[in-house]
Asker: 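Once you've had a glance at the structure underneath, I'll fire off some questions.
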Amino acid sequence: MGPEKQENATEENGVEPKYDPEFTGKVIAATGPKAHPRLKAIMPSLLRHLHDFAREVDLTIAEWMAGIEFINEAGRMSTDRRNETGLVSDILGLESLADEITSKLLADESGATPSAVLGPFYRANAPILPNGSSIIFASPDSEWYKQAEPLLTHVSGRVVSASSGKPIPDAVVDVWLAGPNGLYEQQDEEQPDMNLRGRFQTDAGGHYALICLKPTPYPIPFDGPAGRLLQLLDRHPYRPAHIHFIVGAPGFRTLITQVFDVEDAYVANDTVFAVKDELIVTFKRREGDKKAHWTLEYDFVLSEM
């Protein structure tokens with residue numbers, strides 16, 4: 001309800017408004033004629049919802065200051081290796097909701113692989129590796145590798161066009177995941193730089209292949225504001241076992257997605273609400289291969305621009 005309607009309603013009901021009914025309208029009206037077009041379109045809605053929230057819960061200055069410090073702390077923790085502000089957005093479901101909205105707005109071809117949230121631990125410029133290579137850079141003699149060895153997994157598939165079904169050569173498949181201890185390499189001193197990260201280019205038939213790990217579930221970090229918020233809300237911190245992918249090719253929309261292990265209990269209760277049925281996969285035992293004990297075949301279907 002806009003501020004004018006709110007004011008009229010209180011007058012008709014004969015009830016004196018608790019707070020200044022004209023205040024939000026004044027803030028909205030402060031936007032100038034040369035404002036950015038998109039901001040000019042969306043800021044009135046944001047301001048109405050934001051102000052209505054504050055009035056509905058009787059927000060105090062002390063609570064406002066706590067909220068500001070919460071946001072500031074998330075910003076101070078965020079770097080190119082960890083996006084704490086993004087993590088806060090994730091546990092509130094906002095990134096997953098924005099992902100759904102974006103997918104619906106851009107969807108013009110059925111059958112494309114669904115997207116999923118980027119997550120806070122993506123790093124750009126992962127090493128470019130030949131197809132079939134391993135993204136495990138830890139030493140086989142390390143304790144970390146000994147823990148990871150039973151999870152060695154061969155992942156392969158094709159990248160194809162949603163409109164024609166034809167393979168897409170020279171597509172780039174960017175992949176990353178957490179280790180068996182639930183930590184990404186930038187969180188874990190035992191892992192070498194860029195461990196469990198890599199980029200692969202599809203061949204003429206659209207094929208890609210790599211060696212990684214069968215993913216495991218893990219809790220999001222508790223050492224920051226996102227973790228504290230989960231504790232205050234009495235929510236569990238776990239993400240289901242998943243592998244991240246970014247798949248792109250000239251002339252096609254870049255796909256940001258994840259695949260989830262069907263056997264993981266947290267598939268039905270992801271703390272960042274990112275799971276989609278089409279992204280749930282089955283890892284199968286792989287026989288006769290010394291390099292991998294598990295296998296996953298998964299095709300990515302891209303929409304044309």
Side-chain angles (χ1 to χ4, degrees), residues 79-83 113 115-142 144-160 167-216 218 239 241-250 252 254-261 279 281 283 286 289-302:
T79 67
D80 61 346
R81 289 172 169 258
R82 171 177 174 174
N83 188 342
T113 301
S115 56
V117 300
L118 177 67
F121 295 108
Y122 170 70
R123 291 183 65 191
N125 301 317
I128 299 174
L129 303 169
N131 266 326
S133 298
S134 174
I135 60 173
I136 302 165
F137 305 128
S139 170
D141 297 327
S142 66
W144 185 94
Y145 188 91
K146 292 175 183 177
Q147 184 182 5
E149 198 277 337
L151 301 173
L152 291 173
T153 299
H154 183 271
V155 177
S156 63
R158 294 195 309 158
V159 180
V160 300
I168 304 173
D170 300 324
V172 175
V173 179
D174 193 341
V175 56
W176 71 102
L177 71 156
N181 56 359
L183 299 176
Y184 291 86
E185 49 86 18
Q186 67 265 57
Q187 300 174 281
D188 187 2
E189 293 182 355
E190 293 186 24
Q191 297 186 53
D193 188 49
M194 288 291 180
N195 192 47
L196 292 177
R197 298 177 187 273
R199 288 180 290 169
F200 298 84
Q201 194 167 40
T202 58
D203 63 15
H207 297 96
Y208 73 95
L210 60 108
I211 300 292
C212 63
L213 298 181
K214 186 175 184 286
T216 54
Y218 63 84
R239 294 230 54 214
H242 63 280
I243 303 175
H244 292 271
F245 292 94
I246 298 178
V247 186
F252 294 85
T254 297
L255 171 68
I256 299 173
T257 195
Q258 304 175 29
V259 295
F260 301 89
D261 186 351
L279 300 176
V281 300
F283 291 83
R286 186 175 179 88
D289 187 348
K290 295 180 180 180
K291 295 182 179 180
H293 308 301
W294 299 89
T295 189
L296 172 67
E297 294 183 7
Y298 193 82
D299 293 343
F300 295 102
V301 184
L302 303 187

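Counting from 1, the numbers follow the sequence of the chain as shown.
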Asker: Roughly how far, to the nearest 0.5 Å, is CD1 of Ile168 from CZ of Phe252?
Answerer: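 Phe252 atom CZ to Ile168 atom CD1 measures 3.5 Å (nearest 0.5 Å).
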
Asker: Restricting to non-hydrogen atoms, name the atom on Pro140 and the atom on Lys146 that form the minimum distance, rounded to 0.1 Å.
Answerer: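 It is O-CG, 4.4 Å.
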
Asker: Which heavy atom in Lys291 sits nearest to a heavy atom in Ile211, and how many Å separate them?
Answerer: O-CG2, 4.0 Å

Asker: Return the minimal non-hydrogen interatomic distance between Phe121 and Gln186, and the atom names on each side.
Answerer: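 That would be O-NE2, 3.1 Å.
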
Asker: Provide the closest heavy-atom pair for Thr153 versus Leu151 in the form atom of the first, atom of the second, distance.
Answerer: OG1-O, 2.7 Å

Asker: Dump the intermediate steps for side-chain contact (heavy atoms from CB on, under 4.5 Å) on Val173 and Phe245, then the final yes or no.
Answerer: CA-CA 7 Å; Val173 179; Phe245 292 94; 3.8 Å; yes

Asker: Rounded to the nearest 0.5 Å, what's the gap from CD on Glu190 to CD on Gln147? Could you check?
Answerer: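 The distance works out to 8.5 Å.
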
Asker: Does Cys212 reach the side chain of Val175, with side-chain heavy atoms less than 4.5 Å apart?
Answerer: no

Asker: What's the separation between atom CZ in Arg197 and atom CG in Asp174, rounded to the nearest 0.5 Å?
Answerer: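 So the gap between those two atoms works out to 8.5 Å.
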
Asker: Any side-chain heavy atom of Trp144 within less than 4.5 Å of one from Asp188?
Answerer: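 Yes - at least one pair of side-chain heavy atoms lies under 4.5 Å apart.
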
Asker: Please give me the minimum heavy-atom distance between Pro215 and Ile243, naming the atom from each residue.
Answerer: CG-CG1, 3.9 Å

Asker: Does the side chain of Tyr145 come within less than 4.5 Å of Leu152's, by heavy atoms?
Answerer: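 Side chain of Leu152 against side chain of Tyr145, heavy atoms only: contact under 4.5 Å found.
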
Asker: Assess whether side-chain contact (heavy atoms from CB on, under 4.5 Å) is satisfied between Ile136 and Leu196, documenting all intermediate values.
Answerer: CA-CA 5 Å; Ile136 302 165; Leu196 292 177; 3.8 Å; yes

Asker: Looking at residues at least two apart in the chain, or sitting in another chain, which of them share a salt bridge (charged side-chain N to carboxylate O under 4.0 Å, His left out) with Arg123?
Answerer: Glu185, Asp193

Asker: Aromatic rings Tyr218 and Tyr184: how do their planes relate, parallel, tilted or perpendicular, breaks at 30° and 60°?
Answerer: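 Correct class here is perpendicular.
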
Asker: With a 4.5 Å limit on heavy-atom distance, are the side chains of Leu129 and Leu210 in contact?
Answerer: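 No; the side chains remain at least 4.5 Å from each other.
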
Asker: May I ask you to test the Thr113-Leu279 pair for a side-chain heavy-atom distance under 4.5 Å?
Answerer: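 Heavy-atom side-chain distance check passes, below 4.5 Å.
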
Asker: Can the ring centroids of Tyr208 and Phe300 be said to lie less than 6.0 angstrom from one another?
Answerer: yes

Asker: Would the number of heavy atoms belonging to other residues, nucleotides or ligands and lying under 6.0 Å from CD of Glu297 be above 12?
Answerer: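 12 or below, so no.
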
Asker: Determine whether Leu177 and Ile135 satisfy the following criterion, side-chain contact (heavy atoms from CB on, under 4.5 Å), listing intermediate values before the conclusion.
Answerer: CA-CA 10 Å; Leu177 71 156; Ile135 60 173; 3.8 Å; yes

Asker: In the structure I gave you, are the side-chain heavy atoms of Phe200 and His207 within less than 4.5 Å of one another anywhere?
Answerer: no

Asker: Can you tell me how far the NE2 atom of His293 sits from the NZ atom of Lys214, to the nearest 0.5 Å?
Answerer: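 Those atoms lie 12.5 Å apart.
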
Asker: Are the side chains of Val159 and Asp299 in touch, meaning some heavy atoms are under 4.5 Å apart?
Answerer: no

Asker: Mind checking the CG-OG1 spacing from Asn131 to Thr202? Nearest 0.5 Å is all I need.
Answerer: 7.5 Å

Asker: Could you tell me the separation between the OH atom of Tyr122 and the CD1 atom of Ile256, rounded to the nearest 0.5 Å?
Answerer: 8.0 Å

Asker: Looking at Gln187 and Gly182, what are the two nearest heavy atoms and their distance?
Answerer: OE1-O, 4.3 Å

